[in-house]
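Report on the following structure.
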Amino acid sequence: MGIFDKKLMKFWEIFYTNKGYTKVLIGLWNTLCIATLGLFIGIVIGTIIAGIKVMPKYKRLPKILEKICDFYVGLFRGTPVVVQLLVAYFVVLPLIGIKLTPLTVCVLVFGLNSGAYVSEIMRSGIMSVDHGQMEAGRALGLSYRVTMLKIVIPQAVKNILPTLGNEFIALIKETSVVSFVGASDLYVAFSYIGSNSYEFMVPYLAMALIYIVLVMIIASLIKVMERRLRKSDRRN
């Protein structure tokens, strides 16, 4: 029996016989939850920030809001997500007296982090839409807010869909740092298997394979969505 076969047997013993797969399934579920909910929060925050940044600055309030948004984006883009997790879990939340589960903290931090990046993605998407679309909406009697929500932003989302897919993939991979605050993900699950089998090569190879499969699935779904959107544009 070769060395790799022995390593594989040790991995299988912990993974299947000792039900290590349950930890893998929990870790996979947590990874997908953190990335999916984080992206959803990021899209909401990013859309709001992008809307503030592109709105006319005739009054003082929009200018103040833009400064606040610039600070927010600079803060979350300028620090690593693992630092944000540590500060949120061990500093900010204890200071304000709020106790949340590690998984909830990870979702919130990843959502806030993603919002900073999505805001720039969404802003570039809005700027790529022909300005005549806004003028046409206003000419029809629609308010600026309604024109933005009903006409401009839907077109912007079509333009930035591949980039949003890349952001989702980045979130999937970045979840490997959630163990710093005690949350369970794929890295924690396969580290458990490696620690109990005293063999890390096969568990880490399996973990890498799962990440690759997840990324390929997401990329395929994005391509399908793009094709459907192109078909709907041609019908319209």
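Along the sequence shown, residues carry numbers from 1. The figures here come from the full heavy-atom set of this structure, side chains too, leaving out hydrogens, waters and symmetry mates.
We find the CG-CG distance between L25 and L186 to be 9.5 Å, quoted to the nearest 0.5 Å. Interatomic distance, CD1 of I41 versus CG of L112, reported as 7.0 Å (0.5 Å rounding). To the nearest 0.5 Å, the span separating OG on S119 from CZ on R77 amounts to 7.0 Å. I64 contributes atom CD1, which lies 12.0 Å from atom SG of C69 (distance to the nearest 0.5 angstrom).
Remark: K23 NZ is loosely packed, at most 12 non-hydrogen atoms of other residues, nucleotides or ligands lying under 6.0 Å away. Counting non-hydrogen atoms of other residues, nucleotides and ligands closer than 6.0 Å to CE of M225 gives a total of 12 or fewer.
Residue V83 forms a side chain to side chain contact (heavy atoms under 4.5 Å, CB included) with just one option from V87, L85, V81, and that option is V87. Between F190 and the choices V24, D185, L205, the side chain to side chain contact (heavy atoms under 4.5 Å, CB included) rule is met once, by V24.
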Side-chain donor-acceptor pairs of residues 121-129 under 3.5 Å, sequence neighbours excluded:
unit_1 : atom_1 : unit_2 : atom_2 : d
R123   : NE     : E120   : OE1    : 3.4
R123   : NH2    : E120   : OE1    : 3.1
S124   : OG     : E120   : O      : 3.3
S124   : OG     : I121   : O      : 2.7
S128   : OG     : G125   : O      : 2.6
S128   : OG     : N159   : ND2    : 3.0

Run the side-chain donor-acceptor check on residues 146-155: report pairs under 3.5 Å with partners two or more places apart or on a different chain.
unit_1 : atom_1 : unit_2 : atom_2 : d
T147   : OG1    : S143   : O      : 2.7
Q155   : NE2    : Q133   : OE1    : 3.1
Q155   : NE2    : I151   : O      : 3.0

Please tabulate, one pair per line, all N/O donor-acceptor pairs under 3.5 Å involving side-chain atoms of residues 95-111, not counting sequence neighbours.
unit_1 : atom_1 : unit_2 : atom_2 : d
T101   : OG1    : T104   : N      : 3.2
T101   : OG1    : T104   : OG1    : 2.7

Only pairs under 3.5 Å count here: list side-chain donor-acceptor contacts from residues 43-52, not counting sequence neighbours, and write none if there are none.
unit_1 : atom_1 : unit_2 : atom_2 : d
T47    : OG1    : I43    : O      : 2.6

Exercise answer: donor-acceptor pairs, residues 162-178 side-chain atoms, under 3.5 Å, sequence neighbours excluded:
unit_1 : atom_1 : unit_2 : atom_2 : d
E167   : OE2    : S114   : OG     : 3.1
T175   : OG1    : I172   : O      : 2.6
S176   : OG     : K173   : O      : 3.0

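Two different hydrophobic clusters hold I210 and I26 under the rule that ILVMFWY side chains link at heavy-atom gaps under 4.5 Å. The same ILVMFWY cluster, assembled from side-chain heavy atoms under 4.5 Å apart, contains both V181 and L93.
Under the ring-ring contact (aromatic ring centres under 6.0 Å, His included) criterion, Y211 pairs with no residue at all, not counting sequence neighbours. Among residues two or more places apart in sequence or in another chain, the side chain to side chain donor-acceptor pair (under 3.5 Å) test is passed with N113 by Q84. Under the ring-ring contact (aromatic ring centres under 6.0 Å, His included) criterion, Y204 pairs with F200, sequence neighbours left out.
Within the structure, no pair that satisfies the salt bridge (charged side-chain N to carboxylate O under 4.0 Å, His left out) test touches residues 30-43, not counting sequence neighbours. Applying the ring-ring contact (aromatic ring centres under 6.0 Å, His included) rule to pairs touching residues 65-91 yields Y72-F76, sequence neighbours excluded. Screening residues 26-44 for side-chain hydrogen bond (donor to acceptor under 3.5 Å, both in side chains) gives no qualifying pairs among residues at least two apart or on separate chains.
Hydrophobic cluster membership for V224: none, as no Ile, Leu, Val, Met, Phe, Trp or Tyr side chain comes under 4.5 Å of it.
Residues S179 and V188 come closest through the heavy atom pair CB-CG2, 3.4 Å.
Contact annotation: the side chain of L65 never approaches that of P62 to less than 4.5 Å [non-hydrogen atoms, C-beta and beyond].
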